[in-house]
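This structure is a prediction, so every number in the text was calculated from the model and none was measured.
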Amino acid sequence: DHVKFEAGNTVMIRGGNNMGRVGVITHRERHPGSFEIVHIKDAAGHSFATRLGNVFVIGKGAKPWISLPKGNGVRLSNIEDRAAKMAKQR
């Protein structure tokens with residue numbers, strides 16, 4: 001089986017500043033002669049964009065076909081990360 005690269009499918013980012021994040025494709029911008037940009041929304045509701053070459057499809061719809069790392073590929077903000085670490089120490 002294979003999964004098409006289309007809006008609504010689950011993807012993992014494999015390069016760039018968003019490496020390791022998981023989300024669902026919202027839409028794709030085509031720029032002839034330049035990099036194509038893919039807009040993605042993660043499980044926490046945060047939206048981000050990255051180049052097409054950094055995106056790898058891992059599932060159909062919102063369901064991934066592979067097991068995900070802890071946190072399901074959601075990157076916490078600095079404040080959220082610090083709060084989680086402080087709560088863990090208590």
- Spell out, yes or no, whether Ile13 and Val57 are grouped together once hydrophobic residues are joined by side-chain heavy atoms under 4.5 Å, including indirect joins. yes
- Message: Hydrophobic clusters here meaning ILVMFWY residues chained together by side-chain heavy-atom distances under 4.5 Å, can you tell me if Ile58 and Met19 are in one?
- Response: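 Result: no, two separate clusters.
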- Query: What pairs meet the ring-ring contact (aromatic ring centres under 6.0 Å, His included) rule with one or both residues in residues 45-90, with sequence neighbours excluded?
  - Reply: none
- Contact list for residues 73-82, test salt bridge (Lys or Arg N to Asp or Glu O under 4.0 Å), sequence neighbours left out: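 As it turns out, the salt bridge (Lys or Arg N to Asp or Glu O under 4.0 Å) pairs with a partner in residues 73-82, which skip direct neighbours, are Asp81-Lys85.
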- Pairs involving residues 14-24, ordered by first then second residue, that meet salt bridge (Lys or Arg N to Asp or Glu O under 4.0 Å) (sequence neighbours left out):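 Qualifying pairs: Arg21-Asp42.
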- Do you know the tightest heavy-atom contact between Glu6 and Ile25? O-CD1, 3.6 Å
- Task: Would you name the heavy atoms of Val74 and Ala44 that are closest together and state the gap between them?
- Result: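 Looks like CG1-CB, 3.7 Å.
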- Task: Drop me the distance from Glu29's CD to Glu36's CD, to the nearest 0.5 angstrom.
- Result: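 Answer for the CD-CD pair, Glu29 versus Glu36, is 10.0 Å.
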- Query: How far does NE2 of His27 sit from CD1 of Ile37, to the nearest 0.5 angstrom?
  - Reply: 10.0 Å
- Whether Thr26 side chain and Lys41 backbone form a donor-acceptor pair below 3.5 Å: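 No; judged by distance alone, with no hydrogens or angles, the pair does not exist.
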- Message: Surrounding CD1 of Ile66 (heavy atoms of other residues, nucleotides or ligands, distance under 6.0 Å), is the total greater than 12?
- Response: yes
- Item | CZ/Phe35: more than 12 non-hydrogen atoms of other groups inside 6.0 Å |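 Open.
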Less than 4.5 Å apart, side chain to side chain, heavy atoms only: is that true for [X] and [Y]?
X: Asn9; Y: Val24; answer: no
X: Val38; Y: Asn54; answer: no
X: Lys60; Y: His2; answer: no

